[in-house]
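What follows is a set of notes on a single structure, which appears directly below.
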Amino acid sequence: QMQLVESGGGLVQPGGSLRLSCAASGSIASIYSMAWYRQAPGKQRVFVASIRRGGTTIYADNVKGRFTISRDDAKNTVYLEMNSLKPEDTAVYYCKATRGPTDFGSWGQGTQVTVSS
């Protein structure tokens with residue numbers, strides 16, 4: 001399993017922006033999918049966005065147009081740029097790497113994002 005470390009979380013006001021980073025311990029160039037999930041207090045962890053090896057991206061409906069996932073293979077890092085943040089975006093954001101469609105995946109420790117005025 002890959003070791004993943006998320007960073008970039010913090011407190012932002014509604015409408016603000018934040019960029020999260022997920023640094024991997026190894027090369028992500030050949031990884032099937034890198035993804036972001038989030039979990040709010042008392043809620044289940046849910047999918048946010050993913051990017052495939054070939055660059056294909058998928059977004060949850062409630063973040064489309066506001067969030068952008070990207071990857072920098074040279075830095076073995078995946079990013080999640082979050083714009084127009086809403087209080088309901090408040091959650092711990094987790095990075096996930098999967099080696100294939102049937103892989104359970106590797107998870108990072110999470111980074112807290114709080115959207116509040």
Side-chain angles (χ1 to χ4, degrees):
Q1 295 184 358
M2 300 189 71
Q3 181 175 324
L4 305 171
V5 179
E6 301 95 332
S7 62
L11 174 65
V12 297
Q13 295 185 347
S17 299
L18 204 62
R19 189 177 80 162
L20 306 182
S21 298
C22 171
S25 61
S27 175
I28 65 170
S30 61
I31 294 296
Y32 174 73
S33 178
M34 300 294 295
W36 288 95
Y37 288 72
R38 67 187 183 187
Q39 186 168 21
K43 304 292 185 179
Q44 291 186 311
R45 189 172 300 184
V46 298
F47 171 82
V48 175
S50 68
I51 183 166
R52 295 270 294 277
R53 182 176 62 245
T56 301
T57 58
I58 301 173
Y59 296 92
D61 287 342
N62 55 3
V63 306
K64 286 181 180 177
R66 299 190 298 120
F67 290 11
T68 302
I69 187 170
S70 62
R71 59 194 294 165
D72 186 337
D73 290 352
K75 296 182 178 179
N76 293 324
T77 301
V78 177
Y79 304 96
L80 183 68
E81 182 178 329
M82 305 182 293
N83 300 311
S84 301
L85 284 163
K86 306 173 181 179
E88 50 263 46
D89 294 318
T90 295
V92 176
Y93 284 71
Y94 297 91
C95 182
K96 181 184 180 182
T98 56
R99 297 180 176 85
T102 61
D103 184 26
F104 287 104
S106 299
W107 295 88
Q109 84 290 347
T111 184
Q112 176 71 49
V113 172
T114 302
V115 184
S116 176
S117 60

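Everything quoted here is computed from the prediction, not taken from an experiment.
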Discussion item. Do Val115 and Glu88 make a side-chain contact, defined as non-hydrogen atoms from C-beta onward lying under 4.5 Å apart?
Written reply: no
Item to complete: In sequence, state the C-alpha distance, the side-chain angles, and the governing distance for Met82 and Arg66, and then conclude on side chain to side chain contact (heavy atoms under 4.5 Å, CB included).
Response: CA-CA 6 Å; Met82 305 182 293; Arg66 299 190 298 120; over 6 Å; no
Worksheet item: How long is the gap from CD on Gln109 to CD on Gln3, to the nearest 0.5 Å?
Response: 9.0 Å
Discussion item. Please tell me whether Leu18 and Val78 are part of a single hydrophobic cluster in this structure, the criterion being side-chain heavy atoms less than 4.5 Å apart.
Written reply: yes
Fill in: Asp72: partners by side chain to side chain donor-acceptor pair (under 3.5 Å), with sequence neighbours left out
none
Worksheet, complete the sentence: Between the CZ atom in Arg19 and the OG1 atom in Thr68, the distance rounded to the nearest 0.5 Å is 11.5 Å
Item to complete: Apply side chain to side chain contact (heavy atoms under 4.5 Å, CB included) to Arg99 and Ser106, showing your working.
Response: CA-CA 9 Å; Arg99 297 180 176 85; Ser106 299; 4.2 Å; yes
Practice prompt. Mind listing the closest non-hydrogen atom pair of Ser84 and Ser17 along with its distance?
Written response: N-OG, 4.3 Å
Worksheet, complete the sentence: In short, ring pair (Phe, Tyr, Trp, His ring centres under 6.0 Å) pairs touching residues 46-81 with sequence neighbours left out are Tyr37-Phe47
Item to complete: Would you check if Ser7 and Thr111 make a side-chain contact, meaning some heavy-atom pair closer than 4.5 Å?
Response: no
Worksheet entry | Sequence neighbours excluded, every pair satisfying disulfide bond (SG atoms under 2.5 Å apart) that has a member inside residues 61-95 | Cys22-Cys95
Practice prompt. For residues Trp107 and Arg45, report the shortest heavy-atom separation together with the two atoms involved.
Written response: CE3-NH1, 3.2 Å
Fill in: Residues Lys86 and Asp89 bridged, charged N to O under 4.0 Å
no
Discussion item. Looking at every non-hydrogen atom in both residues, tell me the closest pair between Ala49 and Leu80 and how far apart they are.
Written reply: CB-CD1, 4.3 Å
Worksheet item: Do you reckon Ile69 sits in the same ILVMFWY cluster as Val48, going by side-chain contacts under 4.5 Å, direct or chained?
Response: yes
Worksheet item: Could you state the interatomic distance from OG1 (Thr57) to CZ (Arg52), rounded to the nearest 0.5 Å?
Response: 11.0 Å
Fill in: Steps toward side chain to side chain contact (heavy atoms under 4.5 Å, CB included) verdict (Leu11, Gln112)
CA-CA 8 Å; Leu11 174 65; Gln112 176 71 49; over 6 Å; no
Worksheet entry | Validation row: Val63, Arg38 side chains within 4.5 angstrom (heavy atoms) | yes
Worksheet item: Would you find more than 12 non-hydrogen atoms of other residues, nucleotides or ligands less than 6.0 Å from Gln44 atom CD?
Response: no
Worksheet item: Looking only at heavy atoms, what is the nearest atom pair of Ile28 and Asn76, with distance?
Response: N-OD1, 3.3 Å
Worksheet item: Between atom OG of Ser117 and atom CD of Gln13, what is the distance when rounded to the nearest 0.5 Å?
Response: 7.0 Å
Worksheet entry | For Ala24 against Leu4, the heavy-atom pair lying closest together | CB-CD2, 3.7 Å
Worksheet item: Do you know the tightest heavy-atom contact between Ala97 and Ile31?
Response: CB-CG2, 4.3 Å
Practice prompt. Assess whether atom CD of Gln39 is packed by more than 12 heavy atoms of other residues, nucleotides or ligands within 6.0 Å.
Written response: yes
Discussion item. Working note: Trp36 + Leu20, criterion side chain to side chain contact (heavy atoms under 4.5 Å, CB included); need CA distance, chi angles, decisive distance, verdict.
Written reply: CA-CA 10 Å; Trp36 288 95; Leu20 306 182; 3.6 Å; yes
